[in-house]
Colleague: 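For reference, the structure I am asking about is given below.
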Amino acid sequence: MKKVFCLLYVAIFIISCTPRNNSIPVIAFADAFEDNTISQAKKGFFDALAKNGFSEEQKTIQVIYRNAQGDIPKLTLSVKYFISQKATLIATCPSLSTIAALQNTKDIPIFMMVSPTPELMKVTDAGDKAPSNLFGVGEALGYIDTSFSLIPKLIKPKESKLKVGMIFNQSEPQSAEALNRIKQLADQLNIDLVYLPVNSSADVMLVTQSLLTQDIDAFFANPDNTVFSSFETIIKACNNAKVPVFTSEAGLVSRGAVAAYGADIYQWGYQAGEQAAQFLKNKNTTGLQWEMVKLRKRVYNPAAAKQFNITVPANFEALQ
């Protein structure tokens, strides 16, 4: 038995010391946390690479993948590991990963997805220019207006004024910016907006329950990493309280929200992957720059709409 363990140890040692094949690109991918919706971006990214001839199956790239499981120090260590492995590029999803990568390297090209614009992430310089190594696909906040404005069209208030609740992580720049935009929109639409801060996923259950005691007519799930990672907790609490959930994130509709107008997460990743493939083909970033997401969708959840007796406009696509 000792001999078997010795041989196994030697085999592992040899494998670990085997030099990396420097002739093919090393693709590093950083996920900040585990999430069924956001994971679609990773699939889209690698599908786009494969379509352009870059995949591990074809032995045309090597992939290093890390998921920080919501642990920021672990996310930073992951990025540092990518750098030590001389990654050809770093793909980041969502904004927490993008920011961590930008904080640790100015040289390796970073291809972001499911991230807001550089301005919203607060990573621009004094001249409002994005980092020179930032590429991929970002999103502004304009699309939120369409999703939030849908609520008063579909929901009748219990009292004289419609009351909408939301939670936000005050440490996330894009979440705070989204809240400010929604506040202005709520005033324009004569909506009473009730909002409470959360610091982490651990706070979501108690904060959501507290929000629901304020007799809200609907809950709005905004672009927030904490909302994404804790959405099952939110939807369960809201369903139990008979409060419909609307969102600006199309990926959350399949997880129980009534309707949304927002980016297709898979296509977001695919768009970033196409840009990364161009970089791999040309072996430089000439002509590349980060770009806005191209495909947004109007979608609704038939089961959720039926549960709350809501008739969704005909231009919204039903998710099966």
Colleague: List the residues meeting side-chain contact (heavy atoms from CB on, under 4.5 Å) with Asn180, not counting sequence neighbours, and say none if there are none.
Modeller: Lys183

Colleague: Kindly give the heavy-atom pair with the smallest separation between Ser149 and Leu185, and that separation in Å.
Modeller: OG-CD2, 3.9 Å

Colleague: Could you tell me the separation between the CD atom of Gln275 and the OG1 atom of Thr285, rounded to the nearest 0.5 Å?
Modeller: 9.5 Å

Colleague: Rounded to the nearest 0.5 Å, what's the gap from CG on Asp31 to NZ on Lys42? Could you check?
Modeller: 7.0 Å

Colleague: Is there a side-chain contact between Ile151 and Pro244, using heavy atoms and a 4.5 Å cut-off?
Modeller: no

Colleague: Under a 3.5 Å distance rule, please check whether Thr37 uses its side chain to pair with a backbone N or O of Gly251 as donor and acceptor.
Modeller: yes

Colleague: Step by step, work out the side chain to side chain donor-acceptor pair (under 3.5 Å) result for Ser95 and Gln174.
Modeller: CA-CA 9 Å; Ser95 55; Gln174 80 274 10; 3.1 Å; yes

Colleague: Please write out which residues are connected to Val253 in a hydrophobic cluster, directly or through intermediates, given that two of Ile, Leu, Val, Met, Phe, Trp, Tyr count as joined at side-chain heavy-atom separations below 4.5 angstrom.
Modeller: Val299, Leu319

Colleague: So Thr146 and Arg298, side-chain contact (heavy atoms from CB on, under 4.5 Å) or not? Walk me through it.
Modeller: CA-CA 10 Å; Thr146 303; Arg298 288 176 170 83; 4.0 Å; yes

Colleague: Following the transitive rule for hydrophobic clusters with a side-chain heavy-atom cut-off under 4.5 Å over Ile, Leu, Val, Met, Phe, Trp and Tyr, establish whether Ile234 and Ile310 coincide in one cluster.
Modeller: no

Colleague: NZ of Lys59: more than 12 outside heavy atoms within 6.0 angstrom?
Modeller: no

Colleague: Can you name the nearest heavy-atom pair linking Leu288 to Phe135, along with the distance?
Modeller: O-CE2, 3.4 Å

Colleague: Do the side chains of Ile72 and Phe168 join up, straight or via other hydrophobic residues, at under 4.5 Å, putting them in one cluster?
Modeller: no

Colleague: Of Thr226, Leu75, Ile38, Asp71, which is the lone residue that meets side-chain contact (heavy atoms from CB on, under 4.5 Å) with Phe33?
Modeller: Ile38

Colleague: How many angstroms lie between atom OG1 of Thr60 and atom CG of Asn52, to the nearest 0.5 angstrom?
Modeller: 10.5 Å

Colleague: Calculate, to the nearest 0.5 Å, the distance between atoms CG and CG belonging to Asp217 and Asp192 respectively.
Modeller: 9.0 Å

Colleague: What residues form a ring pair (Phe, Tyr, Trp, His ring centres under 6.0 Å) with Phe148, not counting sequence neighbours?
Modeller: Phe220

Colleague: With a 4.5 Å heavy-atom cut-off, do Ile27 and Leu89 have their side chains touching?
Modeller: yes

Colleague: Report whether Leu193 and Leu141 are members of the same hydrophobic cluster (ILVMFWY, side-chain heavy atoms less than 4.5 Å apart, transitive linking).
Modeller: yes

Colleague: Kindly indicate, with the supporting measurements, whether the criterion side-chain contact (heavy atoms from CB on, under 4.5 Å) is fulfilled by Phe316 and Leu150.
Modeller: CA-CA 11 Å; Phe316 278 70; Leu150 184 66; 3.8 Å; yes

Colleague: Side-chain heavy atoms nearer than 4.5 Å, only ILVMFWY residues, links allowed to pass through others: does that put Met113 and Tyr266 together?
Modeller: no

Colleague: Can you check side chain to side chain donor-acceptor pair (under 3.5 Å) on Tyr261 and Asp145, steps first, answer last?
Modeller: CA-CA 9 Å; Tyr261 171 69; Asp145 297 5; over 6 Å; no

Colleague: Are Phe231 and Val245 packed together at the side-chain level, in the sense that at least one heavy-atom pair is separated by less than 4.5 angstrom?
Modeller: yes

Colleague: Who are the salt bridge (Lys or Arg N to Asp or Glu O under 4.0 Å) partners of Lys158, not counting sequence neighbours?
Modeller: Asp215

Colleague: Which heavy atom of Gly262 sits nearest a heavy atom of Ala250, and at what distance?
Modeller: O-CB, 3.9 Å

Colleague: Glu249 and Tyr143: side chain to side chain donor-acceptor pair (under 3.5 Å), yes or no, with the steps?
Modeller: CA-CA 9 Å; Glu249 310 309 305; Tyr143 71 102; 2.8 Å; yes

Colleague: Just to verify, which of Ile99, Thr98, Leu102, Val137 counts as forming a side-chain contact (heavy atoms from CB on, under 4.5 Å) with Met112?
Modeller: Thr98

Colleague: With a 4.5 Å limit on heavy-atom distance, are the side chains of Leu280 and Leu49 in contact?
Modeller: yes

Colleague: Please check if the side chain of Ser248 supplies one atom and the backbone of Ile144 the other of a donor-acceptor pair under 3.5 Å.
Modeller: no

Colleague: Return the orientation label for the Phe111 and Phe279 ring planes: parallel under 30°, perpendicular over 60°, tilted otherwise.
Modeller: tilted

Colleague: Evaluate side-chain contact (heavy atoms from CB on, under 4.5 Å) for Val194 paired with Lys163, printing each intermediate quantity in order.
Modeller: CA-CA 7 Å; Val194 184; Lys163 186 183 289 189; 3.6 Å; yes

Colleague: Under the side-chain contact (heavy atoms from CB on, under 4.5 Å) rule, collect the residues that match up with Thr117, sequence neighbours excluded.
Modeller: Glu119, Leu120, Ala140, Trp290, Met292

Colleague: Is any side-chain N of the basic residue among Lys122 and Glu177 closer than 4.0 Å to the acidic one's carboxylate O?
Modeller: yes

Colleague: Spell out, as yes or no, whether a donor-acceptor pair under 3.5 Å connects the side chain of Glu139 to the backbone of Ala263.
Modeller: no

Colleague: Within the supplied structure, the quantity of interest is the number of heavy atoms (other residues, nucleotides, ligands) at a distance under 6.0 Å from Gln289 CD; does it exceed 12?
Modeller: no

Colleague: Does the side chain of Leu196 come within less than 4.5 Å of Gln214's, by heavy atoms?
Modeller: yes

Colleague: With clusters defined by side-chain heavy atoms of hydrophobic residues (ILVMFWY) lying less than 4.5 Å apart, directly or transitively, does Val227 cluster with Leu179?
Modeller: no

Colleague: Decide yes or no for Ile182 and Tyr195: does some side-chain heavy atom of the first lie under 4.5 Å from some side-chain heavy atom of the second?
Modeller: no

Colleague: So, does Thr105 use its side chain to make a donor-acceptor pair with the main chain of Ala101 at under 3.5 Å?
Modeller: no

Colleague: Are Arg66 and Lys74 close enough, and set up right, to give a side-chain contact (heavy atoms from CB on, under 4.5 Å), and what steps lead you there?
Modeller: CA-CA 9 Å; Arg66 293 290 185 274; Lys74 185 177 178 181; over 6 Å; no

Colleague: Can you confirm whether more than 12 heavy atoms, excluding those of Asn315, are under 6.0 Å from its CG atom?
Modeller: yes

Colleague: Which atoms form the tightest heavy-atom contact between Ile216 and Leu211, and what is the distance?
Modeller: CG2-O, 3.9 Å

Colleague: Taking atom types as modelled, find out whether Gln170 and Asn199 have a side-chain donor-acceptor pair closer than 3.5 angstrom.
Modeller: yes

Colleague: Locate the shortest heavy-atom distance separating Pro118 from Leu134; write the atom from each residue and the value.
Modeller: CG-CD2, 3.7 Å

Colleague: Do Asn240 and Leu212 make a side-chain contact, defined as non-hydrogen atoms from C-beta onward lying under 4.5 Å apart?
Modeller: no

Colleague: Are side-chain heavy atoms of Phe82 and Asn104 found at a separation under 4.5 Å?
Modeller: no

Colleague: Kindly give the heavy-atom pair with the smallest separation between Ala257 and Ile235, and that separation in Å.
Modeller: N-CD1, 4.0 Å

Colleague: Has the side chain of Ser97 got a donor or acceptor atom that lies under 3.5 Å from a matching backbone atom of Ala30?
Modeller: yes

Colleague: According to side-chain contact (heavy atoms from CB on, under 4.5 Å), who are the partners of Ser171, at least two apart in sequence or on a separate chain?
Modeller: Asn169

Colleague: Donor-acceptor check, side chain of Gln271 to backbone of Gly136, threshold 3.5 angstrom: yes or no?
Modeller: no

Colleague: Working to the nearest 0.5 Å, report the span between OG1 of Thr311 and NZ of Lys306.
Modeller: 12.5 Å

Colleague: Hey, is the main chain of Ser200 close enough, under 3.5 Å, to the side chain of Asp203 for a donor-acceptor pair?
Modeller: yes

Colleague: Report the distance from atom CH2 of Trp268 to atom OG of Ser115, rounding to the nearest 0.5 Å.
Modeller: 7.0 Å

